[in-house]
Every structure is written in structure tokens, then in C-alpha cells.
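Remarks on the structure that follows.
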Amino acid sequence: MERRLAGIALLVLSAFTGTIAFRLATPAIAFYTRDVLKASMLSVSMVSMSFVLARALTSVLGGLALERGKWLVYLGAVAMMGNALAVQLYPLTTSWPQVAGIKLLNGFLNGLSWPMAQFVVAVTTPKEIRARVTAVYFFFGSIASLLGNYAYAYTVNLGLAGQMWISSAFFVLTGLIMLLSYYLLYERITPRSEGKRGEGTSLDPGKVLVIASLMAVIVAFTSGEITYVYVAEALGLSRGKTAVLLGWTGFTASLLSYFSSWFADVRSEVRTVRLTAFLAGISPLLASVKTAPTVFLGVFLALFAFQSFRPISRKVLASYHRSSLAIGGVNAVQNLSTFVGGMIFGLAYSLGEVHLWLTFNLALLTFLPFSLGVVVEGLRIGKDAPPKLL
């Protein structure tokens, strides 16, 4: 039991250290691409989405690899350390396609490492508390996201090269922590098990994947470099202030998402999913209104909905008989959908704004068909099974 607790705790710690590395690099690369390399918003979107596209493809490969042999979980830790070398290439770039190419490499490495870590956390945790423990794992990542944004704000004067050295150090540390945690949890790692449907859950895995896909398309505007550029330009904020404010927004969303995970564990997964689907649906409409309260509320609701839904989806799929493939699959679906959403946002950004009684960003209004879809799917979830009660 002590090995189990220590192993899970180390993986939670890896979410913290790994996210610091990633979140420090994200705004640095965003503003370098936009301000130094003079890339268009579509090009910035392509930089962001090259990462999620590569991550989507390798997420499934990681799940399949674990079914071949669970010892391959160590590959995820090695891939994490590979990020330390990849980020050192960013200061050498002279054009946005070069940045996008390195982002592809980062996405490939992250697609191997993070889904494996999420899978190990889910399958080694008792199912009675699985959603809450998974939420804690993601919450520590959000704390690190806040600190990573502060780290960016306070290291702007170091330049991109100096910031990437700090990021590299945290990537190496994260890989070492993952190696130790996998060693401690190795006996409990079960990529396949008997059964067909998630046990102890009222949700159908197929419907979970549909909602995950629609939600990821919608919240793509909160993913990666495009978020920093949009918020800074829409509200006329400095780079450092943008990073800090987005860090606090993400932290608050993650903190509150723990309570929705608790509600899903002890009361009703169905009602939690319905709520998160509705909040995700209205988030781009709010963020499209170019005022500080509405932009940050829209970003907050998108992050809260996504972070509340994510532990529930991992809980359902961890009980599936091919759990490693299922969790890799939901990561792939979400990343592909994020890619689609990010490209829609980048392409539509040139549409500009419409001025009614308020000023609306037209790029975000293009998400409304997907918003309607996720709300409808959320209302339909759980029709074939009763919700859990106390």
C-alpha cells in the first residue's frame, strides 16, 4: 500500500514539474512567434495545432504499445526527458514553420508521455475515488500552470534561450520522477482486463468520446499559444500581465473542478457531464465579447468545463477492458478535435469583429454550431441508465 501511495504521489508531482516546464515555454514561444518572427494569427494557430496533432497521433500509439508489454511505460518517461533537448531548438529558429516543426516533435514526445501517466494514475487508484484522485493530478498541473506563467513573466528579460534552459531542467526532473513512480507501481499496471463496459459507472464510453470530441473543438481557443495572443490583443494587455492573468484563470478553474469531480464520484456523473457540456457550450460566446470580464469568464468556463469533464472520462475509460488503448484513444480524439478547433479559430480570425451594442470577435462565434452540438449531447447522456445516488 505504501508503494502504491508513493507511486501515485510521485505521478501527481510529475504533473506539477512537467507543467511548469511546458507552461513556461508556451507563452515564450507564442510571443516570440508573433512579435519577433512576425507570424500571422493563422500561423500562430498552426504552431499551436502542430503540437496537438502530433500528440493526437502518438497518444493511440502509446496505448497500443502498453498492450504489447507494460514495460514500455518507461518509454513515456524517456520521451518526457526528450522534451529537454527539443526546446533548446526554439532559440535557433528564424521562421514560424521551423517553430511549428519543433512543436511537432514536442507533440510527439508529449503524446507518448502524458497519456501513459494519466493511464497509470487511473488504473492504480481505487475506482471509488478515481475521479477525485485524477482531478488532484490535473489540479497539481494547474498549480504548476499558474507558477509557470509567473515564471514566464519574471524571466522575460532572460530571453527565449534563458527561459528554455529553465524549461529543460524541469523536463529532465519530470522524466526522472516518472521513472521512479512506474517502478513503484509496476505490479498494479494492467493495460487489459476482462469485461466490456466501464464498471461502476452510468456513462457509455462511446458517448463520452463524442462529448470529449465536441468539447475539445470548442475549448481549443484556450489551448496553447493562440490563447495568449488573442487575450493580449483583444484587451490590449502586456505579455507578462496576460500570462499572469491566464495563469490565475486556469488555476481557479482547476481548483473548482475538484468539487465537480467529488460530485461525480458521490452523487451523479450524468448531471456533472450535463453541466460541463452546457458551460463549455456558452464559453466561446462569452469570450467573443471584447471586454475583460467576458473574455476571462469565457476562458474560465471553458477551462472549468474541460477540467471537470476530463477526470470523469478517464474514470469511465479506465474501467474499460482495453483501458490503456481507451485512455490513449480519448487523448487522441481530444487532440484531433483541438486541432480542428484551433485551425477554425486561426482561419476565422481574419474575419475581424462585428459591432452591435457590444463588440464581438467573429472567430469565436464560428464555434456556435459545435456549442449547440455539445449541449444537445450533454442532455442526451445517461438516458439509458440512472444516475448514481448517495
Side-chain angles (χ1 to χ4, degrees), residues 11-34 44 47-52 55 80-81 83-84 86-88 90-91 99 102-103 106-107 109-111 113-114 117-118 136-156 158-175 177-178 219-232 237-255 257 296 299-300 302-304 306-307 310 335 338 342:
L11 277 181
V12 171
L13 178 61
S14 75
F16 179 82
T17 58
T19 304
I20 284 182
F22 179 75
R23 190 51 62 185
L24 169 61
T26 301
I29 296 164
F31 293 120
Y32 174 76
T33 306
R34 182 69 162 171
V44 175
V47 168
S48 293
M49 294 308 112
S50 62
F51 174 84
V52 298
R55 192 172 61 182
M80 178 59 67
M81 288 187 278
N83 281 298
V87 296
Q88 291 299 317
Y90 285 115
V99 177
I102 302 169
K103 271 285 182 178
N106 276 142
L109 295 170
N110 279 271
S113 54
W114 286 122
Q118 294 169 21
V136 169
Y137 168 86
F138 288 120
F139 175 62
F140 268 76
S142 293
I143 297 175
S145 180
L146 172 62
L147 295 178
N149 278 287
Y150 266 108
Y152 167 77
Y154 285 106
T155 59
V156 168
L158 294 178
L160 185 63
Q163 290 171 318
M164 292 306 99
W165 276 108
I166 299 173
S167 180
S168 290
F170 276 98
F171 276 127
V172 171
L173 176 62
T174 303
I177 293 171
M178 285 180 169
V219 304
F221 74 93
T222 67
S223 302
E225 286 76 9
I226 56 176
T227 314
Y228 292 89
V229 174
Y230 170 67
V231 172
L237 299 175
S238 67
R239 293 181 293 174
K241 189 172 184 179
T242 299
V244 169
L245 289 174
L246 284 175
W248 275 107
T249 302
F251 172 77
T252 306
S254 184
L255 176 63
S257 72
F296 281 105
V299 172
F300 167 78
L303 292 173
F304 172 76
F306 191 70
Q307 292 171 6
R310 190 164 49 178
N335 281 288
T338 301

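Note that the OG1 atom of T19 and the CG atom of L146 stand 12.0 Å from one another [nearest 0.5 Å]. Taken to the nearest 0.5 Å, the CH2 atom of W248 stands 10.0 Å off from the CG atom of L255. With rounding to the nearest 0.5 angstrom, the OG atom of S14 is 5.0 Å from the OH atom of Y137. Within the model, atoms NZ of K103 and CG of N110 stand 8.5 Å from one another, a figure rounded to the nearest 0.5 Å. Taken from CD1 in I20 to CG in L147, the straight-line distance is 5.5 Å, to the nearest 0.5 Å. Taken to the nearest 0.5 Å, the OG1 atom of T174 stands 9.0 Å off from the CG atom of N83.
Here the closest heavy-atom approach between residue A220 and residue G342 is recorded as CB-N, 3.5 Å. Q307 approaches A253 most closely through the heavy-atom pair OE1-C, 3.6 Å. When all heavy atoms are compared, the tightest approach of S113 to M178 is O-CE, 4.5 Å. Residues T227 and F221 share a closest heavy-atom pair of OG1-O, 2.9 Å. Of all heavy-atom pairs spanning G240 and A153, the tightest one is O-CB, 3.9 Å. F31 and A232 make their closest contact through CE2-CB, 4.2 Å (heavy atoms, listed as atom of the first residue, atom of the second, distance).
A parallel orientation is assigned to the rings of Y150 and Y154, their planes being inclined by less than 30° (bins at 30° and 60°).
Put simply, the side chain of V52 reaches to within 4.5 Å of the side chain of M49, judged on heavy atoms. I177 is not listed as a side-chain neighbour of F16, based on a closest heavy-atom distance of 4.5 Å or more. Between L246 and F296 the shortest side-chain heavy-atom distance falls below 4.5 Å. In this structure, the side chains of P27 and R239 stay at 4.5 Å or more apart for every pair of heavy atoms. Residues T249 and T222 fail the side-chain proximity criterion, which asks for heavy atoms closer than 4.5 Å. L303 has its side chain out of reach of V219: every pair of non-hydrogen atoms, C-beta onward, lies at least 4.5 Å apart.
Side-chain atoms of T155 come within 3.5 Å of backbone N or O of A151 as a donor-acceptor pair. In this structure, S254 contributes its side chain and F251 its backbone to no donor-acceptor pair below 3.5 Å. Judged purely by atom type and a 3.5 angstrom limit, S145 has no side-chain atom pairing as donor or acceptor with the backbone of G141. At least one donor-acceptor pair under 3.5 Å links the side chain of Q88 to the backbone N or O of M164.
Qualifying side chain to side chain contact (heavy atoms under 4.5 Å, CB included) partners for S167, counting only residues two or more places apart in sequence or in other chains: A21, L24, A25, V87, F171. The salt bridge (charged side-chain N to carboxylate O under 4.0 Å, His left out) search around R55 returns none, not counting sequence neighbours.
At most 12 non-hydrogen atoms from other residues, nucleotides or ligands lie less than 6.0 angstrom from CZ of F140. Taking a 6.0 Å sphere around CZ of F22, one finds it holds more than 12 heavy atoms contributed by other residues, nucleotides or ligands.
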Side chain to side chain contact (heavy atoms under 4.5 Å, CB included), that's the test. Do V47 and Y32 meet it? Break it down for me.
CA-CA 12 Å; V47 168; Y32 174 76; over 6 Å; no

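Between Y228 and Y152, the ring centre distance reaches or exceeds 6.0 Å.
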